[in-house]
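Structure, as structure tokens:
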There are 2 protein chains.
Amino acid sequence: MEGFDCATDDPRCYCPLNDVLDLLGRKYVMDIVCVVAVHGTVRFGTLEDHIPAASTSTLSARLDDLEAEGLVTREQYDEIPPRVEYELTDDGADLAERLRPVLEWVQAREHRA
Amino acid sequence: MEGFDCATDDPRCYCPLNDVLDLLGRKYVMDIVCVVAVHGTVRFGTLEDHIPAASTSTLSARLDDLEAEGLVTREQYDEIPPRVEYELTDDGADLAERLRPVLEWVQAREHRA
DNA sequence: CCGTATCCCAAATGATACTG
DNA sequence: CAGTATCATTTGGGATACGG
């Protein structure tokens, strides 16, 4: 991994644990980012349809986390029935773009297996 | 996310949950991959030094998982004292390469904050 | 040195019901 | 529709001690 900003002799040379990485390292989070990225803008119910393994409460909690981290925005429309749209921020889109090669690799690998 | 192999109307269009993604989405796993990638080959104790937040048992368990997924190899030398070297497989190195932009983004972002 | 075995605890998720 | 609240449960992870 040449070029990676990391002096190999420093015990803390690796990309250290932090909030975003912790968040990414939680169930469904990469999936959520991916689904939002693919849709551009997406409603809560749609997310549930796409990630049926995640419970309502978990999905909701992770979306809150993502919003708090500034990776997604939540737009609420006061209609009846209510409608809420989630969308990636510029920052979130940047992350999604970097995540894509990883997800493609995961997909390709599963296909091989 | 144009170009991502995913039809947006399919409820399962996103990169689906699978074993590798689950593994990546666990505490310290991306860190472990990164540390091994940076070192090329690394001993257990060194990994512990680099990721002090992870307990011995957790580190050991994740390394087993990574080996089972074919992402790292474990080479044991019957010396006294014993020595074990972990190394990325070709597959693991491929993943690490794709992970790098993500980790750089995480690092850069933390630096901004 | 490199782990595994145990036990324990906290955190994280699931299920469900209910509300604006 | 889009959640929140609550409760139960699992699972993951920490600490420690011991074995090869």
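Chain naming here is simple, since letters A, B, ... match the order of the sequence lines and numbering starts at 1 in each. Since we're looking at a predicted model, the values are computed, not measured.
Side-chain contact check for A:Asp91 versus B:Trp105: some heavy-atom pair is nearer than 4.5 Å. Between B:Leu21 and A:Leu103 there is a side-chain heavy-atom pair separated by less than 4.5 Å.
Listed by first and then second residue, the salt bridge (charged side-chain N to carboxylate O under 4.0 Å, His left out) pairs that reach into residues 67-76 of chain B are A:Arg109-B:Glu69, sequence neighbours excluded.
Here the P atom of nucleotide C:dA11 and the CZ atom of B:Arg26 are 17 Å apart, to the nearest Å. In this structure, B:Lys27 places its NZ atom 15 Å from C1' of C:dT13, rounding to the nearest Å. Whole-Å rounding puts the A:Asp65 CG to C:dA12 C1' distance at 11 Å.
We find that A:Arg112 and A:Glu110 are not joined by a salt bridge, their nearest charged nitrogen and carboxylate oxygen being 4.0 Å or further apart. We find that A:Asp94 and A:Arg98 are joined by a salt bridge, their nearest charged nitrogen and carboxylate oxygen being less than 4.0 Å apart.
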Between the protein and nucleotides 1-7 of chain C, which nitrogen or oxygen pairs come in under 3.5 angstrom?
| from | atom 1 | to | atom 2 | distance (Å) |
| --- | --- | --- | --- | --- |
| C:dC1 | O3' | B:Arg43 | NH2 | 3.1 |
| C:dC1 | O3' | B:Pro82 | O | 3.4 |
| C:dC2 | OP1 | B:Arg43 | NE | 2.9 |
| C:dC2 | OP1 | B:Arg43 | NH2 | 3.2 |
| C:dC2 | OP2 | B:Gly45 | N | 3.3 |
| C:dG3 | OP1 | B:Arg74 | NE | 2.9 |
| C:dG3 | OP1 | B:Arg74 | NH2 | 2.5 |
| C:dG3 | OP1 | B:Tyr86 | OH | 3.2 |
| C:dG3 | OP2 | B:Tyr86 | OH | 2.9 |
| C:dT4 | OP2 | B:Ser60 | OG | 2.1 |

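Relative orientation of the B:Tyr86 and B:Phe44 rings is tilted, given thresholds of 30° and 60° on the angle between their planes.
Note: A:Leu63 CG to A:Leu71 CG = 11.5 Å, rounded to the nearest 0.5 Å.
A donor-acceptor contact closer than 3.5 angstrom links the side chains of B:Thr41 and B:Glu85.
In the 5' to 3' direction, nucleotides of DNA chain D lying under 4.0 Å from heavy atoms of chain A begin and end at D:dC1 to D:dA5.
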